[in-house]
Amino acid sequence: MVNEITVVDDYGHHPVEIRATLEAARGCKFNRLLVLFQPHRYSRTQHLWDEFCRAFNQADILVLLDIYAASEAPIPGVTSEALATAIRKAGHKNVHYFRSMQEGIEYLLKQACPGTPSLRLARATSAAPAVNSWFCWERRIRRRMRISDPIIVATLAEMNVELQHGAALADLTSLGIGGTTDLLRIRKHESLPGLLKLLDANDVQHKFLGGGSNLLVGDGELPWVVLQLVRPEPDVVLDGSFARVDAAADLGRMITFCAKHDLGGMEGLIGVPGTVGGALRMNAGAYGMQIGSYVREVKLYRAASRTLETLRGDQISFEYRHTSFAPDDMMLSVILELPSKPFKLILEGIRICNEKRRSSQPLGQKSAGCIFKNPPGASAGRMIDELGLKGLSVGDARVSDRHANFFVNAGHASATDMLRLIADVRERVQKNYGVELENEVVVWNA
Ligand code: EPU
């Protein structure tokens with residue numbers, strides 16, 4: 001750590017590694033992520049060009065240096081300068097190319113800490129033949145707080161943001177678990193940049209809440225406020241085969257509305273609770289389909305640029321229960337392109353999916369859907385079931401008797417109970433199958 005800057009030197013070269021590192025760094029709540037990257041080998045840069053264009057979405061500032069040849073001959077057109085242009089075209093707002101490593105480092109240091117030359121660091125790094133370094137601003141320790149300052153309260157009202165003091169998140173999540181904090185309900189997307197600026201300036205940490213259906217929130221007084229979009233009326237507007245949908249729209253109601261206008265494709269998602277924004281963020285899927293396949297455009301508040309941005313579908317990576325959005329990006333609206341299908345046929349698809357769901361999932365109970373992602377080629381639910389863990393409990397947190405990857409709140413479970421149950425099951429699966437299960441549920445722990 002130098003002054004207020006944490007410098008992380010990472011050797012990841014592949015776009016997937018880069019994305020994972022940046023995602024982890026974003027999760028650490030650094031104020032900004034400043035990235036210096038030197039692509040490794042011409043051939044790799046050429047083969048993974050498109051992936052590189054999306055790998056840095058979560059960096060606030062990206063500096064690219066010349067490609068490190070590693071004994072390869074240059075390939076015409078494959079240069080860092082051209083890559084910088086391509087990344088800009090793919091939507092990144094702050095990309096710079098420097099021929100000299102020294103200049104690149106000094107540029108980033110100036111951005112990170114204006115007026116503080118740190119030549120010692122620059123020299124040390126420039127001595128290395130190749131570099132993949134992440135420069136991050138240090139996280140500020142923020143104090144727990146509720147919004148009581150009358151100036152902030154008045155500014156929120158001017159922004160048309162509704163403030164609810166001491167909201168119980170247990171009431172806003174499908175698990176029925178979670179402590180209390182202030183809830184800010186946003187009526188106009190346009191107020192977000194100003195709102196976030198206000199919160200930042202007053203050291204108020206925040207989280208974005210969608211439908212709360214895939215979420216486990218910590219207990220007690222929470223150290224951040226929660227932002228939530230108010231659903232507008234109408235929340236779905238159709239134009240031919242395109243549906244423009246507000247992120248706050250209910251997923252199931254949106255699917256039914258489109259079905260009534262002979263637009264289908266998303267029947268499998270009908271029983272998935274939550275908002276369209278939540279489904280989009282984690283690329284919700286079921287019965288062989290996923291929402292990402294239909295996305296043509298997304299409007300979002302982009303944490304990296306602190307602005308509202310519009311991304312084309314091909315600028316976003318949609319993978320199994322994962323997207324290239326940053327954890328602190330907020331989905332605002334989406335344009336979906338849906339195949340036309342007669343209402344009757346869609347209804348039949350919906351009926352079949354509903355039946356399958358009803359027969360295998362504990363729909364009437366408080367849950368967050370599947371707790372773990374399925375590991376490649378395997379089923380988390382089947383593994384947990386095979387270990388005889390259905391019914392295993394910690395307090396009122398319980399592995400469902402109906403589907404072993406659903407953990408239910410059978411009464412007054414606390415987040416601590418649920419987290420202990422998750423850790424216990426994960427450990428048993430690891431011990432017996434050698435597989436480390438990854439959470440599907442999002443955990444907001446204090
Ligand atoms: N199985 C068991 N015991 C159990 C649960 C499942 O033996 O307790 C077996 C089933 O018999 C089946 C296999 O495991 O042979 C897979 O089960 P299932 O068809 O229920 O699918 P899943 O992989 O457990 C996935 C999604 C669900 C989605 C269904 C239907 C994940 C983590 N889960 O479940 O999504 O509804 O397929 O497409 O990808 C969610 O995302 O929260 C969710 C519930």
Side-chain angles (χ1 to χ4, degrees), residues 173-177 209-217 250-252 254-255 264-294 318-323 325 331 346 348-393 397-410 418 421-422 424-426 428-430 432-433 435-444:
T173 57
S174 58
L175 260 174
I177 294 177
L209 177 69
S213 58
N214 189 41
L215 186 62
L216 170 56
V217 182
D250 177 81
L251 181 64
M254 180 276 283
I255 295 170
M266 306 225 294
E267 295 83 316
L269 283 177
I270 190 72
V272 175
T275 59
V276 170
L280 192 59
R281 145 168 302 289
M282 56 121 32
N283 191 21
Y287 304 111
M289 60 76 46
Q290 52 180 29
I291 191 168
S293 319
Y294 302 104
F318 289 102
E319 289 150 31
Y320 167 66
R321 301 296 195 272
H322 185 266
T323 60
F325 299 120
M331 308 296 107
I346 304 175
E348 180 55 15
I350 286 177
R351 196 188 55 76
I352 293 170
C353 292
N354 270 340
E355 252 170 40
K356 278 195 201 160
R357 207 179 282 282
R358 257 196 302 274
S359 67
S360 64
Q361 299 181 358
L363 298 188
Q365 287 178 282
K366 290 183 192 166
S367 85
C370 285
I371 285 286
F372 299 112
K373 293 183 186 179
N374 284 335
S379 156
R382 183 184 290 145
M383 288 193 280
I384 301 168
D385 192 3
E386 279 172 0
L387 291 176
L389 301 182
K390 278 182 170 169
L392 182 73
S393 304
R398 180 182 169 91
V399 177
S400 158
D401 295 314
R402 180 160 281 215
H403 194 299
N405 198 10
F406 280 64
F407 293 9
V408 299
N409 174 4
M418 194 54 85
L421 184 64
I422 291 172
D424 186 4
V425 171
R426 179 183 281 118
R428 292 180 198 227
V429 169
Q430 168 73 49
N432 287 278
Y433 292 92
V435 172
E436 175 86 11
L437 290 178
E438 196 188 327
N439 280 359
E440 194 207 85
V441 66
V442 175
V443 179
W444 289 357

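Keep in mind that the numbers below use all heavy atoms, side chains included, and drop hydrogens, waters and symmetry copies. Order of appearance sets the numbers: ligands from 1, and atoms from 1 within every ligand.
Shown in contact with Phe406 at under 4.0 Å from a heavy atom are these atoms of ligand 1, numbered in order with element: 44 (C). For ligand 1, the atoms closer than 4.0 angstrom to any heavy atom of Tyr320 are 31 (C), 32 (C), 39 (O). The distance from ligand 1 to the heavy atoms of Phe372 drops below 4.0 Å at these ligand atoms: 32 (C). Taking every heavy atom of Ala286 and a limit of under 4.0 angstrom, the matching atoms of ligand 1 come to 36 (O), 38 (O). Residue Arg357 has at least one heavy-atom neighbour below 4.0 Å for each of these atoms of ligand 1: 36 (O). Close approach of ligand 1 to Ala404 is summarised as follows: ligand atoms under 4.0 Å from at least one heavy atom of the residue are 4 (C), 8 (O). Near Lys390, with a cut-off below 4.0 Å to any heavy atom, the atoms of ligand 1 are 8 (O).
With respect to atom 38 (O) of ligand 1, the closest heavy atom belonging to the protein is Tyr287 N, 2.7 Å. With hydrogens left out, the protein atom closest to atom 20 (O) of ligand 1 is His403 NE2, 2.9 Å, a heavy atom. With respect to atom 23 (O) of ligand 1, the closest heavy atom belonging to the protein is Asn374 ND2, 2.7 Å. Summary of contacts: the protein heavy atom closest to atom 15 (O) of ligand 1 is Arg382 NH2, 2.7 Å. Summary of contacts: the protein heavy atom closest to atom 29 (C) of ligand 1 is Gln361 NE2, 4.1 Å.
Residue Gly288 has no nitrogen or oxygen atom sitting less than 3.5 Å from a nitrogen or oxygen atom of ligand 1, judged on distance alone.
Residues Phe407 and Val425 meet the side-chain proximity criterion, which asks for heavy atoms closer than 4.5 Å. Side-chain contact between Asn432 and Glu386 is absent, with no heavy-atom pair separated by less than 4.5 Å.
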Kindly determine whether Glu440 and Asn374 satisfy side chain to side chain contact (heavy atoms under 4.5 Å, CB included), including the steps that lead there. CA-CA 9 Å; Glu440 194 207 85; Asn374 284 335; over 6 Å; no
Can you check side chain to side chain contact (heavy atoms under 4.5 Å, CB included) on Asp424 and Arg428, steps first, answer last? CA-CA 6 Å; Asp424 186 4; Arg428 292 180 198 227; 3.0 Å; yes
Set out, in order, the CA-CA distance, both residues' side-chain angles and the distance that settles side chain to side chain contact (heavy atoms under 4.5 Å, CB included) for Tyr294 and Met289, then state yes or no. CA-CA 10 Å; Tyr294 302 104; Met289 60 76 46; 3.7 Å; yes
Hey, mind stepping through Asn283 and Ile291 against side chain to side chain contact (heavy atoms under 4.5 Å, CB included) and telling me if it holds? CA-CA 6 Å; Asn283 191 21; Ile291 191 168; 3.8 Å; yes
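Within the 4.0 angstrom cut-off, atom 10 (C) of ligand 1 has no protein heavy-atom neighbours. For atom 7 (O) of ligand 1, the nearest protein heavy atom is under 4.0 Å away. Distance screen at 4.0 Å: atom 33 (N) of ligand 1 has a protein heavy-atom neighbour inside the cut-off.
Under 3.5 Å, the side chains of Arg426 and Asn439 contain a donor-acceptor pair of N or O atoms.
Of all the listed residues (Gly369, Cys370, Ser379), Ser379 holds the heavy atom that lies closest to atom 14 (O) of ligand 1. Within the set Gln290, Arg321, Met282, the minimum heavy-atom distance to atom 27 (C) of ligand 1 is found for Arg321. Of the candidates Asp385, Val399, Val441, the one placing a heavy atom closest to atom 3 (N) of ligand 1 is Asp385.
Residues Arg402 and Lys390 share a closest heavy-atom pair of O-NZ, 3.5 Å. Scanning all heavy atoms of the two residues, the minimum distance from Leu216 to Ile422 falls at CD2-CD1, 3.9 Å.
Within the 4.0 Å heavy-atom criterion, neither part of Lys356 lies near ligand 1.
Using a 4.0 Å cut-off between a side-chain N of Lys or Arg and a carboxylate O of Asp or Glu, Arg358 and Glu355 do not qualify as a salt bridge.
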